[in-house]
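The structure appears right after this line, and notes come after that.
Values below: every heavy atom of this structure, side chains too, minus hydrogens, waters and symmetry copies. Naming convention: chains lettered A, B, ... in sequence-line order (proteins, then strands); numbering from 1 in each chain.
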There are 2 protein chains.
Amino acid sequence: MDTYQALTAFAALSQPLRLEAFRLLIKAGPQGMAAGDIATALNAKANTTSQNLSHLAQAGLITSTRAGRSIIYRSNMDGLNALLRFMLEDCCGGAPEACAPVINMVAPCCGVTSNNSPKDLKS
Amino acid sequence: MDTYQALTAFAALSQPLRLEAFRLLIKAGPQGMAAGDIATALNAKANTTSQNLSHLAQAGLITSTRAGRSIIYRSNMDGLNALLRFMLEDCCGGAPEACAPVINMVAPCCGVTSNNSPKDLKS
DNA sequence: TCCATACTTCATGAAATAATGAATTGACGC
DNA sequence: GCGTCAATTCATTATTTCATGAAGTATGGA
């Protein structure tokens, strides 16, 4: 992920409706949600929601596929992953001793554990 | 971290100069950098840089302390950590099977390893 | 074919954001 | 105290972003 893509992703997540939509789609999981259901869930108008969803899609954070009359949106975990990696890139690459505490605090929420203390991270 | 704080942080990172400044400060590590040096490194004017740095500070992503005539800015790893947790909160809380692959791809860059396969994450 | 449903796209005006020059504050040396 | 350096704050202008209503596209059923 380059800087431009990261900027686009951060901009996409910096707007209330879009952030909520993204979180909603993560919670919805692989089955996703129809555009109309998203708008209903967020108490927003159809066209406003549509534009915001396309903003998230352009940022690579969600995907869309047509299913009959509906269009199903799904969170794109690869996009989220790329953004997380981008955020950690500098501390991992340039200052690993600063990065380790961050990742060690984040990881436990998903059942991931560390086998390294910060001192071990010289590479 | 609540939604408002997350929005502020994403907005702070959605602007080229601010994103670069933040990355620069992460690379700089605990010793930080003076405001003037940051402006020089980013080829930006002093006042523009100052305003952007205060934006990042308000978002909790960096801190500032005065040292003589200079003001030293440092990245705030706690702020970054909180933002990362916020981003993972929904998949960890609502859809852990979607979250695990993400964290497992991110973690290795900091020497953190997983002891769980996605199947294990029922909690 | 006609109509309704489900979304999207377009054009517009209002509001928020960003960069700039000028003025201001704070710290240091003389 | 005075001048200088380092940085911030202020006021202004240009640009971007956002939500809205109206119009357009695509799908499916009668």
Side-chain angles (χ1 to χ4, degrees), chain A residues 3-25 28 31-76, chain B residues 3-25 28 31-76:
Chain A
T3 300
Y4 178 76
Q5 289 176 296
L7 283 168
T8 305
F10 285 130
L13 295 172
S14 71
Q15 206 277 335
L17 191 70
R18 288 196 296 266
L19 182 56
E20 286 312 308
F22 182 59
R23 285 157 67 81
L24 188 62
L25 287 174
Q31 77 195 40
M33 282 179 78
D37 293 340
I38 297 170
T40 301
L42 300 178
N43 275 308
K45 309 215 166 182
N47 56 355
T48 299
T49 305
S50 175
Q51 284 181 138
N52 280 313
L53 287 172
S54 85
H55 204 317
L56 282 167
Q58 190 152 22
L61 293 169
I62 65 175
T63 61
S64 66
T65 53
R66 184 174 274 278
R69 281 190 257 205
S70 296
I71 293 185
I72 306 298
Y73 284 92
R74 295 181 180 83
S75 58
N76 179 14
Chain B
T3 301
Y4 179 76
Q5 289 176 294
L7 283 168
T8 306
F10 285 130
L13 295 173
S14 71
Q15 206 280 333
L17 191 70
R18 287 197 296 267
L19 181 57
E20 285 311 310
F22 182 60
R23 285 158 66 81
L24 188 61
L25 287 174
Q31 77 195 40
M33 281 180 78
D37 293 341
I38 298 171
T40 302
L42 300 177
N43 275 307
K45 308 213 167 184
N47 56 356
T48 299
T49 305
S50 175
Q51 284 180 135
N52 280 313
L53 288 172
S54 85
H55 204 318
L56 283 166
Q58 190 152 23
L61 292 169
I62 64 176
T63 60
S64 66
T65 52
R66 183 174 275 278
R69 282 190 252 207
S70 295
I71 293 185
I72 307 296
Y73 284 92
R74 294 181 182 82
S75 58
N76 179 15

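- Just one residue in the list Thr63(A), Ile62(A), Leu25(A) forms a side-chain contact (heavy atoms from CB on, under 4.5 Å) with Arg74(A), and that residue is Thr63(A).
- Judged by distance alone, with hydrogens and angles left aside, the side-chain atoms of Asn76(A) form a donor-acceptor pair with the main-chain N or O of Gly60(A) at under 3.5 Å.
- Here the nucleotide nearest the side chain of Ile71(A), chosen from dA19(D), dT27(D), dT8(C), is dT8(C).
- In this structure, Ala67(A) and Arg18(A) both approach DNA chain D, and ranking their closest nucleotides by distance from the 5' end singles out Arg18(A).
- Scanning residues 32-48 of chain A for heavy-atom distances under 4.0 Å to DNA chain C yields Ala34(A), Ala35(A), Gly36(A), Ala46(A), Asn47(A).
- With dA18(C), dT9(D), dA26(D) as the choices, the nucleotide that has an atom nearest any side-chain atom of His55(B) turns out to be dA18(C).
- Comparing dA6(D), dC7(C), dA4(C) by their closest approach to the side chain of Ser70(B) singles out dA6(D).
- When the C1' atoms of four end pairs are superposed on the next four at each end of the helix from dT1(C)-dA30(D) to dC30(C)-dG1(D), using five pairs per end, the two resulting axes differ in direction by 20°, to 10°.
- Residue Tyr73(B) places no side-chain N or O under 4.0 Å from the OP1 or OP2 atom of dA6(D).
- Side-chain N/O atoms of Arg69(B) and base N/O atoms of dT4(D) include a donor-acceptor pair closer than 3.5 Å.
- With sequence neighbours left out, Ala39(B) forms a side chain to side chain contact (heavy atoms under 4.5 Å, CB included) with Thr49(B).
- Within the nucleic acid shown, Gln51(A) comes within 4.0 Å of at least one base atom, counting heavy atoms only.
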